[in-house]
Amino acid sequence: MDFDLSDDHRLLRSTVREFAEQEIAPVAEELDRTKAFPYELVKRLGELNLMGIPFPEEVGGAGADTLAYAIAVEELARIDSSVAITLCAHTSLGTQPIYLFGTDEQKRDWLPRLTAGERLGAFGLTEPEAGSDAGNVQTRATLDGGDWVINGAKQFITNAGTDISGCVVITAVTDVDARGRKEISNILVPNGTPGYEQGTPYRKMGWNASDTRPLTFTDCRVPGDHLVGPRGAGFKQFLRVLDIGRIGVAAMGVGLAQGALDEALKYAKERKAFGQPISRYQAIQAKLADVATEIAAARLLTYNAAYLKDQGRDFSLTAAQAKLKTGRLAVRASEEAVQIHGGYGYIEEYPVCRFYRDAKILTIGEGTDEVQQMVIARALGA
Ligand SMILES: Cc1cc2nc3c(=O)[nH]c(=O)nc-3n(C[C@H](O)[C@H](O)[C@H](O)COP(=O)(O)OP(=O)(O)OC[C@H]3O[C@@H](n4cnc5c(N)ncnc54)[C@H](O)[C@@H]3O)c2cc1C
């Protein structure tokens, strides 16, 4: 076994780290406070060829692998989760369905703009009545004169409502059989299509500078060829997209935990109590040591999920385990980091305060912890 990263992966890590430290860190607090979408940073991510990392160069991507993608996401989340989730949702959820299942024309039309970061992609699966139970889709799409006419609502959708949002791929019920079983299909809806509206952004606990909104479709008409993949394959397709997405979200957990640890260590060495830096006290050292150890384990699990995918092997179980492990770790690491900061950890000028708020969603989005446990238990044969 070779645990060393390749030169390319190491170079990518240092490039993204430098970008994140020099260009994101100085504005992260303000973006979070003002809840402003980071247009300038997204533009820079596009210029750095980071908005389509795992897609081939022919479609405008960086032609890199899933491990490279995970490393880049990790480095972004080490500094700011709003920027990281914007890239992550765009890549894994927005672009991936078109790349994996789209027609040649859809790929030609969308992938170059998406991978360049000129346009953002979104994936609309969750509905008021369909979260963990994602198959319980209520949104309907019916064929009328060769067009799909869509009616329904989606909620908590990332990247759909910015000035540069290009399209959303949604799940919709396209038929119901005599026994009441739903046929679910994926349909691409470009922003600007009449009848497709993006609601007001949610007031969130964290990820404040990322775009999350409810969507509504009212007699929204798109041409029949906007179907993504075969009719009725929507359920299988979104499970695949979620599997891949879990690797990115797991990388966010590793990155956030690492960022929290770095901040906590730095602070512990500076802050003095009872005449010496608090980093000299065993109670503080134990926290730092435990978190560092958990991060090392979680990073290996996440990279293993990426490696298995890159090898063309089954990665669903490992991706679910990585997602479960890293979400919990992010919550714990950020809490310990706040604790080590004492009262200052509760003050927004310190990044750990934001990390603490940003961490919780990692145990909920892209499948809750309980859903990951279901996936893992099923794989165990339980
Ligand atoms: C900031 C943000 C961004 C998001 N971005 C997107 C996006 O871009 N696209 C998208 O489609 N969705 C997105 N989501 C939605 C997210 O994936 C869902 O919120 C998540 O899957 C949970 O669904 P739910 O909120 O309906 O919770 P529910 O499914 O209602 O779950 C409520 C609770 O019940 C538990 N539960 C449910 N079923 C079971 C069971 N069988 N056994 C045990 N426990 C169970 C859950 O684990 C959870 O604890 C986003 C959410 C947020 C908050």
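Counting from 1, the numbers follow the sequence of the chain as shown. Note that this is a predicted model, so its numbers are computed, not measured. Whatever order the structure lists them in is the order used to number ligands and atoms, beginning at 1.
Surrounding OH of Tyr39 are more than 12 heavy atoms belonging to other residues, nucleotides or ligands, all under 6.0 Å away. Environment of CD in Gln276: crowded, with over 12 heavy atoms of neighbouring residues, nucleotides or ligands closer than 6.0 Å.
Those atoms of ligand 1 that come under 4.0 Å of a heavy atom in Ile157, given as number and element, are 7 (C), 8 (O), 9 (N), 10 (C), 11 (O). Close approach to Phe123 involves these atoms of ligand 1, each under 4.0 Å from a residue heavy atom: 7 (C), 8 (O), 9 (N), 10 (C), 11 (O).
Pairing each heavy atom of His90 with each of Leu114, the nearest pair is NE2-O, 2.8 Å.
Within a 4.0 Å radius of atom 34 (O) of ligand 1, the protein has no heavy atom. Protein heavy atoms all stay at least 4.0 Å away from atom 39 (C) of ligand 1. Shown here, atom 51 (C) of ligand 1 is in close reach of the protein: a heavy atom of it lies under 4.0 Å off. Atom 19 (O) of ligand 1 is flagged as protein-proximal [any protein heavy atom, distance under 4.0 Å].
Using a 4.0 Å cut-off between charged side-chain N and carboxylate O, Glu30 and Arg33 make no salt bridge. Electrostatic pairing of Arg332 and Glu336 counts as a salt bridge here, judged by a charged N lying under 4.0 Å from a carboxylate O. Between Asp243 and Arg240 there is no salt bridge, since no side-chain N of the basic residue sits under 4.0 Å from a carboxylate O of the acidic one.
No N or O atom of Thr212 sits closer than 3.5 Å to an N or O atom of ligand 1. Remark: ligand 1 and Glu370 share an N or O pair separated by less than 3.5 Å (distance only, no angle test).
Residues Ile340 and Leu288 form a side-chain contact, since some pair of their non-hydrogen atoms from C-beta on lies under 4.5 Å apart. Side-chain contact check for Leu329 versus Ile295: some heavy-atom pair is nearer than 4.5 Å. In this structure, Ser165 and Gln198 have side chains that are not in contact, with every pair of non-hydrogen atoms separated by 4.5 Å or more.
When each of Arg203, Lys35, Arg354 is tested with Asn208 by the rule side-chain contact (heavy atoms from CB on, under 4.5 Å), just one qualifies, namely Lys35.
Atom 7 (C) of ligand 1 has its closest protein heavy atom at Phe156 O, 3.4 Å. Scanning the protein heavy atoms around atom 17 (O) of ligand 1, the nearest turns out to be Glu366 N, 3.5 Å. Among all protein heavy atoms, the one lying closest to atom 26 (O) of ligand 1 is Gly131 CA, 3.2 Å. If you check which protein heavy atom lies closest to atom 22 (C) of ligand 1, you get Thr368 CG2, 3.8 Å. What sits closest to atom 10 (C) of ligand 1 on the protein, heavy atoms only, is Thr126 OG1, 3.3 Å. Atom 1 (C) of ligand 1 has its closest protein heavy atom at Trp207 CE3, 3.7 Å. Among protein heavy atoms, atom 36 (N) of ligand 1 sits closest to Ser132 OG, 4.3 Å.
Using a non-hydrogen distance threshold of 4.0 Å, Val371 does not register as a contact of ligand 1. The shortest separation from a heavy atom of Met374 to ligand 1 is under 4.0 Å, placing the residue in contact.
Looking at Thr158 against ligand 1, both its backbone and its side chain come within 4.0 Å, counting heavy atoms.
Here salt bridge (charged side-chain N to carboxylate O under 4.0 Å, His left out) pairs that include residues 358-375, with residues two or more places apart or in two chains, are Arg328-Asp369.
Of all the listed residues (Ile361, Leu93, Ile364), Ile361 holds the heavy atom that lies closest to atom 53 (C) of ligand 1.
Remark: the Thr318 side chain and the Tyr307 side chain contain no N/O donor-acceptor pair separated by less than 3.5 Å.
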